[in-house]
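Everything numeric in this text was worked out from a predicted model, so none of it was measured. Chain A is the first sequence line, chain B the second, and so forth, proteins listed ahead of strands; every chain is numbered from 1.
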2 protein chains.
Amino acid sequence: MNASLPARLLTLLSLLQSRREWSGAELARRLEVTDRTVRRDVGRLRALGYPVRGTTGTAGGYRMVAGRDLPPLLLDDEEAVAVATALLTAAGGTVTGIEDTSVRALAKLEQVLPARLRHRAAAVSRATVPLVRPAPNQVCPEVLSVLAVACRDHEVVTCSYRDRDGVVTERRVEPHHLVTGHQLWYLIAHDLRRGGWRTFRVDRISEVAPTGRRFQRGEVPGGDPAEYLRGVLLSTPFPHRAELWVAASATRVSRVLTDPLPGRVRDIEDGGCVVALGSDTVDGLLREVLAVVALGEPVTMTASDVLRERLRALSARLSEVADGGPASDGAG
Amino acid sequence: MNASLPARLLTLLSLLQSRREWSGAELARRLEVTDRTVRRDVGRLRALGYPVRGTTGTAGGYRMVAGRDLPPLLLDDEEAVAVATALLTAAGGTVTGIEDTSVRALAKLEQVLPARLRHRAAAVSRATVPLVRPAPNQVCPEVLSVLAVACRDHEVVTCSYRDRDGVVTERRVEPHHLVTGHQLWYLIAHDLRRGGWRTFRVDRISEVAPTGRRFQRGEVPGGDPAEYLRGVLLSTPFPHRAELWVAASATRVSRVLTDPLPGRVRDIEDGGCVVALGSDTVDGLLREVLAVVALGEPVTMTASDVLRERLRALSARLSEVADGGPASDGAG
DNA sequence: GCGTTGCGGACCGGAGGTGTCCGCAAAGAG
DNA sequence: CTCTTTGCGGACACCTCCGGTCCGCAACGC
């Protein structure tokens, strides 16, 4: 470190971010300048809008405090990995509307993340235990990252897509938005070969490659990407369906569903609500029905015989287990 | 902006991070300097270890690429909120060992996050829909943030703690580590009034206040905080318990448990495994038993009559629901 | 080829950074 | 209360190095 002024200011910022309080003398030693220069540097940070509070007296020192703007974040390796994985995993679990900016932050980080850290972030993220779904829908961090950058920069990408039936096709698309919903990441894109808007489940995408070709950003039909996705998901015919009437409010029922997709649960006039369930597998349906029944409220179901049979089997197994072993004298 | 050199370099970094590619002329206009100076500034960034690739020709320009070190991150408001909420929520959902650094990153961000953004982050984080647990164990973002900073800076804090029986006590503790486990955040701290190490569930802590008093960081008994927490949790007598024998591997069973706490599931010689379940509520137990039974493998259970009764009731309700409504002619 | 882009050396005037003084104010210890 | 420790910032002298204006060169695409 030859200690040019900008470099020194950055290390000063870094020091102030890594520990609460520093004395002027200490900083001077670390930066290899006199304490007067430290004072000047602190003044420079302040002039940049990053307030540093100095306290006098024997227990005095400098500490960084929150100001009007967020100062440049100087993360060490570990922290960078933590932030990357947090962005990769967290956004998938929320049902808020911040995915888009979350993706932007990810793109920003992704673009400058040293290779060694990128590998670690991907590894950690994969090791993360998915909470609800057993495993199959894990999105590949690399795929998500590349798509995030491509979305930000309006760059056409090619990729492979494995549809619901397992058929793999090569695609060439303009990636417009990454949105989460239904506990999954979805890509809203314009398919160049087939022409027209498509939504892709990110966990079914592989081998994404940016082409370098740029495209003009257009509006998603309807304007709001999240709204558009909801529409597509609602109109998609699920292979397995069921409908429940429950004697409980829609909000209470939504809370126990794996994914309370808006529009799938609606209150009706008798005080109960109707739940329209759809899933790619009978197991998926079963899980949701189970959750609703476990609420304890009266339920009636419209469903196929296959699902009914599965429920009966489960019921039988439960009573079997309940009556099977010896009773303990424990409290609960 | 009076455009001192450090300020200009920061805006340059910010520009390069916010978009993939910039032409020299464009940068010169934005920075209000000549293109020659832009070239010099780019050179300065490179000298700092933050590689910027320049491409020549008509489609040329500058773009930031990954280098040896992570450059200072310049996030806008939205992105800062996204990162903060990601750290707050994601860390809670993982079972990996990165909580400590995740907490450090959070502390770093927390310390300099402008007030207006802090409020937004907290709001978003609270609005986040928890995936597994209905709601009661939501940790308050402010509490977690304050503890994160206090841990980093070895600062004694006071707080209120509501124990399992709902009794609230005032505590004065040295916060040493924040660890996630059991789908919750735990604080490992030294209780100054009572003397000795304690673990606190962060969701039961309120009114944390840093005292300004510093403490000497000591080693947690055993050295490894995560290991220590596991020990405490395993030795804690849960009010409600059950034990299952399952004809499936421990890894397969762990996958479906809400929290496969190491040591709670162990393989035995007959090819099956034994699951020791503990929970604060019967419902908690019920949820786990249900998940295991739904696996479809033979199960025998050792449990209290209360749990058995709950299982029987659920079984009855399931068969009722299965036989109740009309059968549809749908596929699933 | 020509235009467009990035690249970087040379020069020079002057802005401004650094160390070394200095006295001042505030906080805490004795 | 006094003394010490901390941060604060003006003044000055020295001189680095910053930035604008030249210039020719190298890639890349039409």
Side-chain angles (χ1 to χ4, degrees), chain A residues 1-13 15-16 19-48 50-65 67 153 155-156 210-214, chain B residues 1-13 15-16 19-48 50-65 67 153 155-156 210-214:
Chain A
M1 173 142 337
N2 67 3
S4 69
L5 173 55
R8 203 179 56 226
L9 280 188
L10 286 178
T11 41
L12 177 56
L13 261 177
L15 290 174
L16 287 174
R19 207 217 283 176
R20 171 94 101 187
E21 190 138 350
W22 293 84
S23 78
E26 227 170 342
L27 290 175
R29 219 173 311 122
R30 294 291 282 266
L31 301 174
E32 299 179 329
V33 289
T34 60
D35 56 343
R36 181 67 185 92
T37 298
V38 169
R39 285 201 291 279
R40 275 196 270 248
D41 284 354
V42 168
R44 288 185 180 108
L45 289 187
R46 287 172 181 155
L48 286 175
Y50 311 134
V52 178
R53 204 180 53 190
T55 48
T56 63
T58 48
Y62 294 98
R63 83 168 53 180
M64 191 109 203
V65 297
D153 297 326
E155 200 171 337
V156 175
T211 61
R213 177 157 228 87
R214 304 284 286 278
Chain B
M1 175 140 333
N2 66 4
S4 68
L5 173 57
R8 203 180 55 227
L9 281 188
L10 285 179
T11 43
L12 177 55
L13 261 177
L15 290 174
L16 288 173
R19 207 217 283 177
R20 171 92 103 188
E21 190 138 349
W22 293 84
S23 77
E26 226 170 345
L27 291 175
R29 220 173 310 122
R30 294 291 281 266
L31 300 174
E32 299 179 330
V33 289
T34 61
D35 56 343
R36 180 66 184 92
T37 298
V38 168
R39 286 201 292 277
R40 273 196 270 248
D41 283 355
V42 169
R44 287 185 181 110
L45 288 187
R46 288 174 180 153
L48 285 176
Y50 310 135
V52 178
R53 203 180 52 189
T55 48
T56 64
T58 47
Y62 294 99
R63 80 168 54 179
M64 190 108 205
V65 297
D153 297 326
E155 198 170 340
V156 175
T211 61
R213 178 156 227 89
R214 303 284 287 276

Could you report the tightest heavy-atom contact between Gly67(A) and Pro51(A), atom names first, then the distance? CA-CG, 3.4 Å
Between CZ of Arg39(A) and OG1 of Thr34(A), what distance do you get to the nearest 0.5 Å? 8.0 Å
At their closest point, which heavy atom of Leu15(A) faces which heavy atom of Trp22(A), and how far apart are they? O-NE1, 2.8 Å
Kindly give the atom pairs (protein nitrogen or oxygen, nucleotide nitrogen or oxygen) under 3.5 Å for nucleotides 9-12 of chain D.
unit_1, atom_1, unit_2, atom_2, d
dG9(D), N7, Arg39(A), NE, 3.0
dG9(D), O6, Arg39(A), NH2, 2.5
dG10(D), N7, Arg36(A), NH2, 3.3
dG10(D), O6, Arg36(A), NE, 3.0

If you look at every heavy atom in Glu155(B) and Pro210(B), which pair is closest and at what distance? OE2-CB, 3.5 Å
Using side chain to side chain contact (heavy atoms under 4.5 Å, CB included), reason through Leu45(A) and Tyr62(A) one step at a time and then give a plain yes or no. CA-CA 12 Å; Leu45(A) 289 187; Tyr62(A) 294 98; over 6 Å; no
CG of Leu13(B) to CG of Leu48(B), rounded to nearest 0.5 Å, is 8.0 Å
Say you draw a straight line from CD of Glu26(B) to CG of Leu31(B); how long is it, rounded to the nearest 0.5 Å? 11.0 Å
Classify every nucleotide of nucleotides 24-29 of chain C by which part a protein heavy atom approaches to under 4.0 Å, writing B for the base, S for the sugar-phosphate alone and - for neither, in 5'-to-3' order. --BBS-
Taking atom P of dG19(D) as reference, at what distance in whole Å does atom CG of Asp35(B) sit? 14 Å
Find which nucleotide of DNA chain D each of Tyr62(A) and Thr34(B) is nearest to by heavy atoms, and output the residue with the more 5' nucleotide. Tyr62(A)
Which residue lies toward the 5' end of DNA chain C, Val42(B) or Leu5(B), if each is placed at its nearest nucleotide? Val42(B)
Which residue, Pro6(A) or Gly61(A), contacts DNA chain D at a nucleotide closer to its 5' end, judged by nearest heavy atom? Gly61(A)
Whole-Å gap separating P (dG6(C)) and CG (Leu16(B)): 12 Å
Measure from CZ on Arg53(A) to C1' on dC8(D) and round the result to the nearest Å. 16 Å
Determine the sole option in Leu5(B), Leu27(B), Thr11(B), Val52(B) for which the side chain to side chain contact (heavy atoms under 4.5 Å, CB included) test with Asp41(B) is passed. Leu5(B)
Nearest-Å distance for atom pair CG/C1', residues Leu12(A) and dG7(D): 15 Å
Given atom CG of Asp41(A) and atom P of dG17(C), what is their separation to the nearest angstrom? 10 Å
Heavy atoms from other residues, nucleotides or ligands near CZ of Arg53(B) exceed 12 (cutoff 6.0 Å): no
Calculate, to the nearest 0.5 Å, the distance between atoms CD and CG belonging to Glu21(B) and Asp153(A) respectively. 9.0 Å
When the C1' atoms of the five terminal pairs at each end define the local axes, what inter-axis angle does the helix from dG1(C)-dC30(D) to dG30(C)-dC1(D) show, to 10 degrees? 50°
Is the shortest side-chain N/O distance from Arg8(B) to OP1 or OP2 of dG19(D) below 4.0 Å? yes
Could you check how far CZ of Arg63(B) sits from C1' of dT5(C), rounded to whole Å? 14 Å
Without decimals, in angstroms, what is the distance between Arg44(B) CZ and dT16(D) P? 17 Å
Rounded to the nearest 0.5 Å, what separation is found between the CZ atom of Arg30(B) and the CG atom of Leu12(B)? 11.5 Å
